[in-house]
Amino acid sequence: MSMNQTPSSERVHIGFFGRRNAGKSSVMNAVTGQDIAVVSDVRGTTTDPVYKSMELLPLGPVVMMDTPGIDDEGELGTLRVRKSYQVLNKTDAAVLVIDGTVGAAPEDMALLERIREKKIPYVIAVNKKEAAEEAALKKTVEQLSREKAVGGGKNEENGKCGKSVKRGVSGSEGSVEDTGRVICVSAATGEGIPELKELIASAARMEEPERYIVRDLLDPSDMAVLVVPIDKAAPKGRLILPQQQTIRDILEADAVSVVVKETELKNVLGRFREKPKLVITDSQAFEKVAADTPDDILLTSFSILFARYKGDLASVVKGVTALDTVEDGDVILISEGCTHHRQCDDIGTVKLPRWIREYTGKEIRIETTSGTEFPDELTKYKMIIHCGGCMLNEREMKYRLKCAEDQGVPMTNYGIAIAFMKGILKRSVEVFPEIYEML
């Protein structure tokens, strides 16, 4: 897969934040060398987040994100500020752009504190160096280098653009180093932009995490059978992203993938001389696939694999048990990470609500969200059933799980909920012994 074909969910997400007219769009355009975002002297030109997938050396495939000003005003402005803060949930590295001619404002400092709370690596770009007085620039950098900004405390390099300021942060596993960088730049002249680009790359460069979709479950030459229904909801002429990524991960394990429709599975399994190691199914076909797969062959679903890959499999397995405590009048949120054309028998809006009502026997209310529309306030919901999150990056998926956990709302996903309601959940997580033991 070339860099240009790397899915958005697998790219490093770099967000540019700041007040109106600080030059966020100009700085982003200067860093990328492209006119990605509209630039104007009019305050509030960027009214919605702008996303651009591209290659940024030395990082490779990235998503650049421009955001509305965090000081926008009025009813619409408040909504725009909220959207900017929501972008933080998918940001792997943040660039806070500050107007060097006016200095840092309370809005900048509040956003910086939020960035630090979320443990997002960041760089502070003090823009408009060509127009700002030296004394004003120095004052701004000193302000940003104080303990409440980037936590530098006493540092002989404070007050100088381009110097690192470090602060010890108490983490769950001891002390970690939170490093913020302040650099003065000019988007207009290009001064400091190459250095800013390097700092962004340094902040965003993450060690490859030891997480796989399925690779660690297979040995070389093992066979995995993928069950892919081809119905009205299936895209014409191609496989959906989770299926593509799973096949690629199987190849990385030097294993063998066989792809069949659910109607052909039983016949195909009977033709193998050696049984496959694993059968992976689309959640919608779970019941039939479970019936057609012998008990001595491991079985799971794409949705369960992605729950482990992007989130916390143990928590979503635990969360599904809330289905057994549903009462009349309870509200359940069904949330999808992408937007797509709804089919007449859509999984999220038709099939799951039907299966939930059949399983619980209760008069419940269903609410649905898609794309970025994940609510901040979740306490009204009895539980949340989320899609596999193939279009969300790991940071955003874990943010959604944390939101639910913090508000005491159980959260699970499509595949786990379907397996639970069909009575095959324990079998479908047998491939993960620690999860299997939970049940």
Side-chain angles (χ1 to χ4, degrees), residues 7 9-10 89-90 209-218 224 226-228 240-250 278-286 289-290 298-323 332-338 347-348 351-352 355-356 369-370 374 378 381 383-406 409-439:
S9 58
E10 298 298 314
N89 301 327
K90 63 181 73 177
E210 290 294 322
R211 60 185 184 94
Y212 305 108
I213 299 171
V214 69
R215 191 187 319 177
D216 57 322
L217 306 177
L218 300 169
L226 280 59
V227 182
V228 178
I240 61 174
L241 184 60
Q243 296 159 0
Q244 296 174 40
Q245 290 179 286
T246 302
I247 292 172
R248 173 58 187 267
D249 212 42
I250 292 169
L278 178 66
V279 171
I280 305 167
T281 182
D282 182 283
S283 298
Q284 298 183 63
F286 230 147
V289 171
L298 292 169
L299 170 69
T300 193
S301 74
F302 293 103
S303 192
I304 289 172
L305 291 177
F306 272 78
R308 181 183 74 133
Y309 181 55
K310 295 209 173 168
D312 182 346
L313 181 57
S315 72
V316 289
V317 167
K318 182 180 178 182
V320 75
T321 59
L323 281 167
I332 295 176
L333 174 65
I334 297 179
S335 184
E336 293 184 343
C338 64
I347 177 70
K351 288 182 178 178
L352 266 173
W355 290 334
I356 293 168
T369 63
S370 60
F374 191 75
L378 300 171
Y381 301 113
M383 67 182 301
I384 301 164
I385 304 178
H386 204 287
C387 70
C390 66
M391 299 305 292
L392 303 178
N393 65 358
E394 181 189 10
R395 183 179 286 274
E396 182 162 7
M397 193 68 244
K398 287 187 173 178
Y399 162 78
R400 294 184 178 197
L401 286 165
K402 190 69 168 63
C403 282
E405 178 188 341
D406 288 347
V409 180
M411 183 166 168
T412 190
N413 80 2
Y414 284 16
I416 291 165
I418 294 169
F420 182 78
M421 290 186 286
K422 302 298 183 183
I424 52 178
L425 178 59
K426 189 165 185 177
R427 182 184 179 189
S428 65
V429 298
E430 188 177 352
V431 68
F432 308 113
E434 69 282 2
I435 304 298
Y436 185 77
E437 291 301 320
M438 285 175 49
L439 299 172

Indicate the atoms forming the closest heavy-atom contact of [X] with [Y], along with that distance.
{"X": "Asn413", "Y": "Gly388", "answer": "ND2-CA, 4.4 Å"}
{"X": "Gly415", "Y": "Ser301", "answer": "CA-OG, 4.2 Å"}
{"X": "His386", "Y": "Gly337", "answer": "CE1-N, 3.9 Å"}
{"X": "Ala224", "Y": "Ile250", "answer": "CB-CD1, 3.8 Å"}
{"X": "Tyr212", "Y": "Arg308", "answer": "O-NH2, 3.2 Å"}
{"X": "Trp355", "Y": "Met421", "answer": "O-SD, 3.6 Å"}

Any luck finding a side-chain donor-acceptor pair between Tyr414 and Glu336 under 3.5 Å? yes
Are Thr300 and Ser428 linked by a side-chain donor-acceptor pair shorter than 3.5 Å?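 No pair is found: no donor N or O on one side chain lies under 3.5 Å from an acceptor on the other.
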Full working for side chain to side chain contact (heavy atoms under 4.5 Å, CB included) between Leu298 and Arg427: CA-CA 8 Å; Leu298 292 169; Arg427 182 184 179 189; over 6 Å; no
Pair Ile385-Leu333, side chain to side chain contact (heavy atoms under 4.5 Å, CB included): steps then yes or no: CA-CA 6 Å; Ile385 304 178; Leu333 174 65; over 6 Å; no
Distance to the ring centre below 6.0 angstrom and angle to the axis at most 45 degrees; does that hold for Lys90 and Tyr399? no
For the residue pair [X] and [Y], establish whether any side-chain heavy-atom pair is separated by less than 4.5 Å.
{"X": "Met383", "Y": "Thr412", "answer": "yes"}
{"X": "Lys422", "Y": "Ile418", "answer": "yes"}
{"X": "Leu241", "Y": "Phe306", "answer": "no"}
{"X": "Leu313", "Y": "Ile416", "answer": "yes"}
{"X": "Leu401", "Y": "Lys310", "answer": "no"}
{"X": "Ile332", "Y": "Tyr381", "answer": "no"}
{"X": "Val279", "Y": "Val227", "answer": "yes"}
{"X": "Asp249", "Y": "Thr246", "answer": "no"}

Assess the residue pair Lys398 and Glu394 against the criterion (salt bridge (charged side-chain N to carboxylate O under 4.0 Å, His left out)); give the C-alpha distance rounded to whole Å, side-chain angles, the decisive distance to 0.1 Å, and a yes or no. CA-CA 6 Å; Lys398 287 187 173 178; Glu394 181 189 10; 2.8 Å; yes
Between [atom1] of [X] and [atom2] of [Y], what distance do you get to the nearest 0.5 Å?
{"X": "Glu405", "Y": "Leu378", "atom1": "CD", "atom2": "CG", "value": "12.5 Å"}
{"X": "Ile280", "Y": "Leu217", "atom1": "CD1", "atom2": "CG", "value": "8.0 Å"}
{"X": "Arg248", "Y": "Arg215", "atom1": "CZ", "atom2": "CZ", "value": "8.0 Å"}
{"X": "Leu226", "Y": "Phe302", "atom1": "CG", "atom2": "CZ", "value": "4.0 Å"}

Got a salt bridge between Glu396 and Arg400, using NZ or NE/NH1/NH2 to carboxylate O under 4.0 Å?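 Yes.
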